Colleague: 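My questions will all concern the structure given below.
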Amino acid sequence: MSDARNPVGRWITLPILASFAVFGTLPYWVEAVGLYQYLGLEIMVWVIFALGYNLLLGYGGLPSFGHGAFIGIGAYAFGVAQFHFIPNLWICLLAAIIITGLCGLAAALLVSRRRGIYFALMTIAIGQVFFFIASKWTSVTGGEDGLLNIQRLPVDFGLFSIDIQDTASLYYLAFALYAVVVVLLWRLVHSPFGRILGAIRQNEERVRFLGYNVFIYKAIAFILSTMVAGLAGGLFAMAQEGAYIQIMNLQWSGTVVLMTLIGGGLVSFWGPVFGVVLYFIARDILGAYTEAWLLWFGLMFMLLVMFKPEGLAGIWRDTVGGLVRRKPAAAPSPHPNQSPAE
Amino acid sequence: MSTATWLLPHLINGVALGLLFALIALGFMLIIGVMEVINLAHGSIFALGAYVALAIMAPDGGLPFAFMEPFYALPAWPRYAIALVVAPILVGAACMLLELCLRPTYGKDPLYGLLLTFGAALVIEEMIRVVWGSSEYYLPIPRDISGGFIFADLIYSTYRIYAAIFACAMIALLWFFLNRTPYGAVIKAGAHDNEMVRALGFNLSRLRLLVFAFGAGLAAIAGIIMAPIWGVRPVVGIDAVIPAFVIIVLGGVGSFWGAVTAGVLVGLAVALTAAFVPDWSMISMYLLLLAVVTFRPRGIAGRASILER
Amino acid sequence: MALLEAHHIHKRFGDQVVLENITLAFEENRLNGIMGPNGAGKTTCFNVLTGRYKPDRGRIVFDGEDIGGLPPHKIARKGIARSFQLMNLFDQYTAIENITLALPEVRARGMSMMHDLSTDGETGDKAAGILARIGLAGKERVEARDLSYGERRALEIGVALAAAPRILFLDEPTAGLGAEATGSIAELIAEIRRDLTIVIIEHDMQFLFGLADKITVIHWGQVIAEGTPASLQEDEWVKRSSLGGLA
């Protein structure tokens, strides 16, 4: 909870500052620890995507299994805006956010009356529909070949502009956007809207009988998370210098669920961040030893769901956090509806 | 030639596809019924069935064992028949392990079962890649059921007709098993109320183990039958599990004939779109799903179910 | 005219008739009891009146306005609050947050994404006041799942109260409680009834006969008797059924 006497505390907290410190200095030490600049960029893009996704999964309890479609749409929208409209960074990013948000709106209207498995099912179907449309609409998306030669547009401030051709510079753009997203999302989940969303996760019916229009809340949460996905998609298009169809398939939609969960998105705001970092580092480190790194990652995921569904954040809370803070009096059995409040 | 006759082979293909989808969906539904688990790994199990059959039939299937040499010398028919029986049993037995992994998730939010089986799908698919690689295989089938024949100026695929008949027979057997044998009665009791299983004097854990294995075996059989049509690839699982979803939602959870009807409907929808706009054949299924879930969430014959929680 | 009137309500599920031609009227500032055996249709009746189910036939009039078939959130906004037979709290939220989210002023700015409730003194004070009223002062920061069963039942009523309703439906508020806790819930209800219209479903006859101004007996989806507790004890129907014996 934020401190009533401290208005800054409502917006910026210690964990947020800590994440700024780590990610803000990343380009300076990433190579020293044996990794590479592009990995940092990938992590940043997916952290943004997963944080937005967790608004749905962790806070709203809405398991979307089609979210890969939206990061893909964001990437295509960014490319299309660049090629056919104005190659200005801000306008193209805005286009990515808005177009993805509009697709999210269409999807939200279909899914917001549902929850649980039906919600998951419908989002799978919607994700697949977007996937097929993108793969067949060759004139816009380039079909199977993808949309090639997307430029890393300069960061234009009117009076001057910064070139972000190299990966470390683009990383800092992504980091700056991450900072904005993380502060806004943190505020959002502690606002009345966020708390009502959390209440919907715990007991949708009760919220309705308190006079809230649950449909609208779920729809807005869905649209917001797709808009964040659109932003991540725009960055991803610049990172890859192209937009490709693979990102939209069911596998990647599942992967973002997996990352968010493995990090502990169900119990912590920071779960998605942990999860994404773990996923990419595992990919690189395990991947160096074995082609089948996903096999081991999948096994780890299964073990986590079986024994520790609260993920990395849950392990952290029970070990490190438990030493500092009072543990709950009667810890109930793990349940996905736990509040990601910390 | 009128449009109707030109469409006939497509319709037959659609029915064959639909019946195979129904077979996958019925196994999927048994698992939902007794374990309340949405088994996202069902598609990977389907693929595994085809690979195991491939391995049994060898030698082109990637895993020739020296002690099996005399078996490989047999003609195609007996090898195929044996693979068709043994592969599903092996797959079913292996999937008992997965059921054991699922146990900590029982009684919790169904989302956990979904997530665990998503992880399992990933693991099975990667295991297939490790053992067989990513390239595509073709399951060798006896010559009698391959190729095509010409009837009234139209070319029909012999295999599709064989597949349709085989799936029909399997569905009929399954119906008989569920409705006319004591084992079927226990499974149906389990799908209705777990307490009832205990009241009938059966061990619920063992029932779950067996039903999961049985559902997995059905997926494996469908995988073997589908293999010559779709080819054998690690990623083929998604193409199988999604139709199963669609069919369950369309037919209504817990309804045997609802699933069969929905299966044929989906098969026809896919085949007809394929006849007119081949590129868009798979999307018809998703549109069907969205339309149904939007307007009639409980499907043709559905009741309230776990899916709504 | 009564505050809430239901005329000739029918409700069926499949081929099973659950409510058959039910007509009810709840006068302002009275405490109305509904009793009847299990499966008589009492909870279904609540569910129809509060918008969870649409009635197949019949009219529901609240303060002169037809509310039949409106969705639950619209009915709630008109000032109709309810508790549930099964616990229906936000388990992972604190007691005070359960109350806060029910306050109409919070509902009015539920779409606010930048505002912070925990720093809002006014709503905080109001919610704390309600907690004190239901006997949960000092438990503000306790998560609902860590409260005792009796405290949770009281919190249920508090949540319904926080919505500042004009009519309050309580579905078996004492279910599962011992004698002592039942007594304190009875005290609580006696305290809040002064300026509120209340409708209670209850199994505990003593509880209901001690509190209610009017009692309606429902059986087989129909109203079979209605009147003051005193007159009802004389009623032939009630006497002949097991209900009379209990009372």
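First the proteins, then the strands, lettered A, B, ... as listed; each starts at 1. Everything numeric here is computed off the predicted structure, so don't read it as measured data.
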Colleague: Hey, does the Lys NZ or Arg CZ of C:Arg82 hover above the aromatic six-ring of C:Phe84, less than 6.0 Å from the centre and inside 45° of the axis?
Modeller: yes

Colleague: Look at the rings of A:Tyr217 and A:Phe193 and say which category their plane angle falls in: under 30° parallel, 30 to 60° tilted, over 60° perpendicular.
Modeller: parallel

Colleague: Below 4.5 Å from any heavy atom of chain A, which atoms of C:Ala81 appear? Answer side chain, backbone, both or neither.
Modeller: neither

Colleague: Does A:Phe215 have A:Arg113 sitting over its ring (NZ/CZ under 6.0 Å from centre, angle to axis within 45°)?
Modeller: yes

Colleague: Specify whether A:Phe49 and A:His67 have parallel, tilted or perpendicular ring planes, treating 30° as the upper limit for parallel and 60° as the lower limit for perpendicular.
Modeller: parallel

Colleague: Need one label for C:Arg107: side chain, backbone, both or neither, based on atoms under 4.5 Å from any heavy atom in chain A.
Modeller: both

Colleague: Which one, C:Pro165, C:Ala160, C:Pro72, leads in non-hydrogen pairs under 4.5 Å with chain A?
Modeller: C:Pro72

